[in-house]
Amino acid sequence: MATTPRFRCFDPTNSYAATPDHPRRFSTTSNSTPRYYNNNNNNSKGTMGISANSEPKIITGDAGYVLEDVPHLSDYIPDLPTYPNPLQDNPSYSVVKQYFVNVDDSVAQTIVVQKDSPRGIHFRRAGPRQKVYFEPDDVRACIVTCGGLCPGLNTVIREIVCGLYYMYGVHRILGIEGGYRGFYARNTIPLTPKVVNDIHKRGGTILGTSRGGHDTSKIVDSIQDRGINQVYILGGDGTQKGASVIFEECRRRGLNVAVAGIPKTIDNDIPVIDKSFGFDTAVEEAQRAINAAHVEAESIENGIGVVKLMGRYSGFIAMYATLASRDVDCCLIPESPFYLEGAGGLFEYIEKRLKENGHMVIVIAEGAGQELLAESRLAMNHQDASGNKLLQDSGLWLSQKIKDHFSKLNKMSINLKYIDPTYMIRAIPSNASDNVYCTLLAHSVVHGAMAGYTGFTVGSVNGRHAYIPFHRVTERQNKVVITDRMWARLLSSTHQPSFLDPKEVAKNKGEETETHLVNGENHLEETASATPKEVGNQQATYSGN
């Protein structure tokens, strides 16, 4: 006799213990009408402001345990009904033991500790819960992509749609065209598994994108008018700030709407998370440009290949591509200032490498050397629609400076080739590694929204997916730490100088130099005595292994 496979899971009495910040509610009352609530206790500071009740949810425990929790719909909407998770009847997941995540599971931000270290900051673990706060037939979800392109956008869109459709039985999903302004200025695209079936094989985003256009009041009005109750927002730090304001406005109005984000940036400059999707693809594709530059440079006398890679404020792509390539002689990033003329400068190093090897390859991030560009001072106050400073082309500037320098030296002629693959890199489809990562991110964010969490973004923290409050991924930008082991590995690979300031070189000339530990051991000593908040801020900047 055939039996319907059922999902094996935790005992509900153990997995959903009540806490003061997350009360236990197991009502199974069905309600097919969208529910909106007035919350008179939340005072708005305006449609673009943050409500008065936006303080972080902090839960503390023994031994210095700190949970930076994310908001939940039940925090401001009383007596929300809950429903059994449809996954328990899904035959695809019936073989999984204990698939549902315990409500008390959390992910540690710092995993390298000493025996006396406090437990430190944690985030709520991502994954499906036994009870959900949305009836699948009542869900009307929407997806929007904002900002610049990045490999993997279409994969995330596809997997959100397929996750909602196949895991939870949600069939009403809309794509918002053209970024934030699409909420009130463009049409929507009905999304089904058939529509998104093969979009992961394409670059870009099928929904289109734009910068700016964020009008909180109009966006939330559109969400309310369309009856949308789940909003999935893909974008960088500026987009996530916008998502945070949208969440605050939904909460101020008392809307039963889950607002969830997936952080996107090709520069990998979002703090807390291990990496952003598309980064692996960008580094892999950058290898093609570096290899081309190396072939050009070594095929001709005194050949120099200059490759410009993306990295407005953070040089992660340039650093990792350099380490992966091993053909690069010099890597220039925004976090490590350099100079051109004089002893210890870039020109002197180029001359040395050409005499030794007959060729060299230079990788420069787009944000490197901006302080040296005289023209950049004229553009310092100019911004794009997302609020990013408009930068000068550092690659072209450096190439011309190198040509000008050697044209003045009759003793050495050079052949320089400049390659700029930046927009080619971000427009390609994601590779296999990023496709898997995008799938996990998409499924994690769907599980969170269905479980009633809101005002959060999702990401991998020390290899485990977690729900992170918006403010933690928007408060600062992650940067390469040039006193860290990873940067030391790069210097060891390229043998490039540290490019200390000429005044410092003169000051330290003839003095005995002191050998310092690479920041890593020192980092642990500092964090051992730091407060939980300081530990979080330090760990966000620490990128070493």
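What you see below is based on every heavy atom in this structure, not just the backbone, and it leaves out hydrogens, waters and symmetry mates.
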Notebook entry, point to check: Step by step, would you call Y65 with S106 a side-chain hydrogen bond (donor to acceptor under 3.5 Å, both in side chains)?
Noted result: CA-CA 10 Å; Y65 175 87; S106 59; 2.9 Å; yes
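- By the neighbour-count criterion of 12 heavy atoms within 6.0 Å, atom CZ of R119 is densely surrounded, having more than that number from other residues, nucleotides or ligands.
- Here D221 pairs with R253 under the side chain to side chain donor-acceptor pair (under 3.5 Å) rule; sequence neighbours left out.
- Applying the ring pair (Phe, Tyr, Trp, His ring centres under 6.0 Å) definition to pairs two or more places apart or across chains, none involves residues 136-163.
- In terms of modelled atom types and a separation under 3.5 Å, the side chain of R172 and the main chain of D137 share a donor-acceptor contact.
- The shortest distance between side-chain heavy atoms of P86 and P136 falls below 4.5 Å.
- The salt bridge (Lys or Arg N to Asp or Glu O under 4.0 Å) pairs that include a residue from residues 187-200 are D198-R202, where partners are two or more places apart or lie in different chains.
- With rounding to the nearest 0.5 Å, the separation of CG in N256 from CZ in R251 is 14.0 Å.
- Side-chain contact between H471 and E68 is present, with heavy atoms from C-beta onward closer than 4.5 Å.
- With sequence neighbours excluded, no residue forms a ring pair (Phe, Tyr, Trp, His ring centres under 6.0 Å) with F123.
- Residues passing the salt bridge (Lys or Arg N to Asp or Glu O under 4.0 Å) test with R125 are D105, sequence neighbours excluded.
- The aromatic rings of Y76 and F247 sit perpendicular to each other, their planes meeting at more than 60°, with 30° as the lower class boundary.
- Remark: C142 pairs with L174, I176, F183, I228, V231 by the side-chain contact (heavy atoms from CB on, under 4.5 Å) rule, at least two apart or across chains.
- Between the CG atom of L87 and the OH atom of Y99 there is a distance of 6.0 Å, given to the nearest 0.5 Å.
- Sorted by first and then second residue, the salt bridge (Lys or Arg N to Asp or Glu O under 4.0 Å) pairs with a member in residues 276-286 read K275-D280, E285-R288; sequence neighbours excluded.
- The shortest distance between side-chain heavy atoms of I233 and I246 falls below 4.5 Å.
- A 4.5 Å side-chain heavy-atom check between I270 and T457 finds every atom pair outside the cut-off.
- For T145, the side chain to side chain donor-acceptor pair (under 3.5 Å) partners at least two apart in sequence or on another chain are T205.
- A search for ring pair (Phe, Tyr, Trp, His ring centres under 6.0 Å) contacts involving Y232 returns nothing, not counting sequence neighbours.
- I290 and S325 get closest at one heavy-atom pair: CG2-OG, 3.2 Å.
- T454 is linked by a side chain to side chain donor-acceptor pair (under 3.5 Å) to nothing, counting only residues two or more places apart in sequence or in another chain.
- Between the CZ atom in F134 and the OG1 atom in T82 there is a gap of 12.5 Å [rounded to 0.5 Å].
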Could you give the side-chain donor-acceptor pairs of residues 161-169 under 3.5 Å, partners two or more places apart or in another chain?
unit_1: Y168; atom_1: OH; unit_2: H447; atom_2: ND1; d: 2.7

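- The only option from I262, I157, V156, I160 that meets the side-chain contact (heavy atoms from CB on, under 4.5 Å) definition with C438 turns out to be V156.
- With contacts defined as side-chain heavy-atom distances shorter than 4.5 Å, the pair I425/M310 does not qualify.
- Across every non-hydrogen atom of T439 and T155, the tightest pair is OG1-CG2, 4.4 Å.
- Without hydrogens or angle criteria, R124 side chain to V103 main chain gives a donor-acceptor distance under 3.5 Å.
- If you take CZ on R158 and CG on N435, they are separated by 9.0 Å, rounding to the nearest 0.5 Å.
- T422 and L309 make their closest contact through CG2-C, 3.8 Å (heavy atoms, listed as atom of the first residue, atom of the second, distance).
- A donor-acceptor pair under 3.5 Å links the side-chain atoms of D274 to the main chain of G463, judged by distance alone.
- The line from CG of N268 to NZ of K479 is 12.5 Å long, rounded to the nearest 0.5 Å.
- Using a 30° and 60° split on the angle between ring planes, F316 and Y320 fall in the tilted class, from 30° to 60°.
- Looking only at side-chain heavy atoms (C-beta outward), T192 and I173 stay at 4.5 Å or farther from each other.
- The shortest heavy-atom contact between G278 and C150 is CA-SG, 4.0 Å.
- Considering only heavy atoms from C-beta on, S244 stays 4.5 Å or farther from T474 through its side chain.
- To the nearest 0.5 Å, the span separating OH on Y83 from CD on E135 amounts to 5.5 Å.
- The two residues L73 and A258 come nearest to each other via the heavy atoms CD2-N, 4.4 Å.
- Although no hydrogens or angles enter the test, the distance criterion places a donor-acceptor pair under 3.5 Å between the side chain of N85 and the main chain of R129.
- Side-chain contact check for T239 versus K264: every heavy-atom pair is 4.5 Å or farther apart.
- Residues passing the side chain to side chain donor-acceptor pair (under 3.5 Å) test with N154, sequence neighbours excluded: none.
- Of all non-hydrogen atoms in N462 and T110, the two that sit nearest each other are ND2-N, 4.0 Å.
- Under 3.5 Å, the side chains of D267 and S314 contain no donor-acceptor pair of N or O atoms.
- Between H72 and the choices F456, Y133, Y467, the ring-ring contact (aromatic ring centres under 6.0 Å, His included) rule is met once, by Y133.
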